[in-house]
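I am attaching a structure below and will ask some questions about it afterwards.
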Amino acid sequence: MYRYKINSALAPLEKESELGESVLVLLTSDELERGILVPGLEQILCHTPSAKDAHVCKAEYRNRCICGTIVTPRKTRKHDIIAFGFLLTSRLVVICDDIGAANSAVHQLRKKNLPIDSGVGSFFYEFLELLIDKDLHHLQELESSLDELEEQVLNGEIIEFNSKMNELRKEITSWIRYYTQLNDMVCEIQENENGYFSDSEIGMFHMLEKRIRLLNSEAQMLREYSIQMRELFQAEIDIRQNRIMKTLTIVTTIFLPLSLIVGWYGMNFFNMPELSWKYGYMTIIIASILIVFICLWIMKKKKFW
């Protein structure tokens, strides 16, 4: 468990007497379940949601606190889901984190040197801002992946399209769901029912809401792009099928006269002079070849192929 003074640029908390200032407490789900006691905070910590129980982004107002959970689409290198449980009061921020992502974020915030009069609202704004700081870059990477997939389709490389497209579609959908939930959570915090945040902090959350909406719009555009990609893929499949049907039609058209000749001379009537003619077999072969070339010439002239 880690404790920091928010008002002193996230300086480590050295004395229990300093709990009167704005304080940040980082702990894990196991520590929360064991009932870690901090003097003066025993009744508050028990309301902190566990990171293990985090499935959506949400915030709820209670009598003495604001509590909720945050779940991002991002994963660590070990493929662990980045999720937090959090609790806010007028002078306290508690974050439950099992993989160390919150601790890493705090170290980054310490490097930013927050103002000395920073409060709980300012810190939580900076924390959420840090979570979405590189999201636009990631969305641009998804767009680049869609561009590459589009080039492959246009070049006729469609063998692995469905698997790649499904993977991208699921990821884009997860980002849209994340931004929608995060936007609702920030709107809930802006209501400030408990009066924990100042007007300037409410303004910060309002700016954060606008940025989340922009990111959500970007993700929505990527989803529309993926739908257009599927339409392009289907169009390419239709073009290939049309080419195959066209080839089959040409072959069938060429061999129809030959089938007529085969059926005609397959009747084997006794009075058919060609059957006993010395040059009958060769004549039929030459006639068949001429028919094939004439059919090909007519189709070429009519631009059937």
Original post:
Are Met185 and Ile81 connected, step by step, through hydrophobic side chains (Ile, Leu, Val, Met, Phe, Trp, Tyr) whose heavy atoms are closer than 4.5 Å?
Top reply: no
**OP:** State whether a side-chain donor-acceptor pair under 3.5 Å links Gln181 with His55.
**Re:** no
Subject >> Point-to-point distance, once rounded to the nearest 0.5 Å, from CD1 of Ile202 to CE of Met207 >> reply: 11.5 Å
Original post:
Does Val25 reach the side chain of Ile95, with side-chain heavy atoms less than 4.5 Å apart?
Top reply: no
Subject >> hydrophobic_cluster_shared for Leu296 and Ile261, side chain cutoff 4.5 Å >> reply: yes
Subject >> Exercise: identify the closest heavy-atom pair between Met229 and Phe161 >> reply: O-CZ, 3.7 Å
Original post:
Under the 3.5 angstrom rule, does the side chain of Ser104 hit a backbone N or O of Ala101 as a donor-acceptor pair?
Top reply: no
Subject >> Within one Ile-Leu-Val-Met-Phe-Trp-Tyr cluster: Leu214 and Tyr179, side-chain cutoff 4.5 Å >> reply: no
**OP:** Check whether any side-chain heavy atom of Leu142 sits under 4.5 Å from a side-chain heavy atom of Ile172, and report yes or no.
**Re:** yes
Original post:
Is the ring centre of Trp297 less than 6.0 Å from the ring centre of Phe293?
Top reply: no
**OP:** Supply the atom-to-atom distance Glu209 CD to Leu128 CG, rounded to the nearest 0.5 angstrom.
**Re:** 12.5 Å
**OP:** Taking the side chain as every heavy atom from C-beta outward, state whether Ile132 and Leu208 have any pair of such atoms under 4.5 Å apart.
**Re:** yes
**OP:** Evaluate the side-chain contact (heavy atoms from CB on, under 4.5 Å) criterion for residues Leu130 and Glu126: first the C-alpha distance (whole Å), next the side-chain angles of each, then the deciding distance (0.1 Å), finally the verdict.
**Re:** CA-CA 6 Å; Leu130 189 62; Glu126 293 287 348; over 6 Å; no
**OP:** Can you measure from OG1 (Thr253) to CE (Met299) and round to the nearest 0.5 angstrom?
**Re:** 4.0 Å
Original post:
Got a second to check how far Asn166's CG is from Glu171's CD, nearest 0.5 Å?
Top reply: 13.0 Å
Original post:
So with a 6.0 Å cut-off around CD of Glu167, is the heavy-atom count from everything else above 12?
Top reply: no
Subject >> Note: Asp30-Lys52 ion pair, threshold 4.0 Å (strictly below) >> reply: yes
Original post:
Are Phe84 and Phe127 near enough that their ring centres are under 6.0 Å apart?
Top reply: yes
**OP:** Specify the closest pair of heavy atoms between Leu92 and Val120, including all atoms of both residues, with the distance to one decimal.
**Re:** N-CG2, 3.4 Å
**OP:** Could you tell me whether the side chains of Asp238 and Gln234 share a donor-acceptor contact shorter than 3.5 Å?
**Re:** yes
Subject >> Gap separating the CG atom of Leu24 from the CG atom of Asn103, nearest 0.5 angstrom >> reply: 9.0 Å
Subject >> Short side-chain to backbone donor-acceptor contact, Thr69 and Val56, under 3.5 Å >> reply: yes
Original post:
Side-chain contact, heavy-atom cut-off 4.5 Å: Met165 with Leu146?
Top reply: yes
**OP:** May I ask you to test the Asp184-Lys58 pair for a side-chain heavy-atom distance under 4.5 Å?
**Re:** no
Original post:
What pair of heavy atoms forms the shortest contact from Phe205 to Gly121, and how long is it?
Top reply: CZ-O, 3.6 Å
Subject >> side-chain contact (heavy atoms from CB on, under 4.5 Å) evaluation trace for Ile66 with Thr89 >> reply: CA-CA 6 Å; Ile66 307 171; Thr89 68; over 6 Å; no
**OP:** Return yes if some donor-acceptor pair links the side-chain N/O of Tyr61 with the main-chain N/O of Asn192 below 3.5 Å, else return no.
**Re:** yes
Original post:
Do any N or O atoms from the side chain of Asp97 and from the backbone of Leu27 form a donor-acceptor pair under 3.5 angstrom?
Top reply: no
Original post:
Can Leu168 and Arg223 be said to form a side-chain contact (heavy atoms from CB on, under 4.5 Å), step by step?
Top reply: CA-CA 9 Å; Leu168 287 172; Arg223 182 166 65 177; over 6 Å; no
Original post:
Please walk me through it: do Ile291 and Ile254 pass side-chain contact (heavy atoms from CB on, under 4.5 Å)?
Top reply: CA-CA 8 Å; Ile291 289 172; Ile254 291 174; over 6 Å; no
Original post:
Can you name the nearest heavy-atom pair linking Arg230 to Arg169, along with the distance?
Top reply: NH2-NE, 4.1 Å
Original post:
In terms of hydrophobic clusters joined by side-chain contacts under 4.5 Å, are Phe123 and Met204 together?
Top reply: yes
Subject >> Donor + acceptor pair across side chains of Tyr178, Asn216 (<3.5 Å) >> reply: no
Subject >> Under 3.5 Å: donor-acceptor pair, side chain of Asn155, backbone of Glu151 >> reply: yes
Original post:
Side-chain donor-acceptor pair under 3.5 Å between Thr28 and Asp98, yes or no?
Top reply: no
**OP:** Identify whether Ile284 and Val292 are in the same connected component of the hydrophobic contact network (ILVMFWY, side-chain heavy atoms under 4.5 Å).
**Re:** yes
Subject >> Any side-chain heavy-atom pair of Glu218 and Glu143 under 4.5 Å >> reply: yes
Original post:
Got Lys75 and Asp80 here, is their nearest side-chain heavy-atom distance under 4.5 Å?
Top reply: no
**OP:** Check whether any side-chain heavy atom of His138 lies under 4.5 Å from a side-chain heavy atom of Arg74, and answer yes or no.
**Re:** yes
Original post:
In Å, rounded to the nearest 0.5 Å, how long is the span from CG of Leu87 to CZ of Arg62?
Top reply: 8.5 Å
Subject >> Smallest separation among heavy atoms of Glu201 and Ser122, with atom names >> reply: OE2-N, 3.2 Å
**OP:** Indicate the atoms forming the closest heavy-atom contact of Ile70 with Ala54, along with that distance.
**Re:** O-CB, 4.4 Å
Original post:
Is it true that the side chains of Glu150 and Tyr225 contain a donor and an acceptor less than 3.5 Å apart?
Top reply: yes
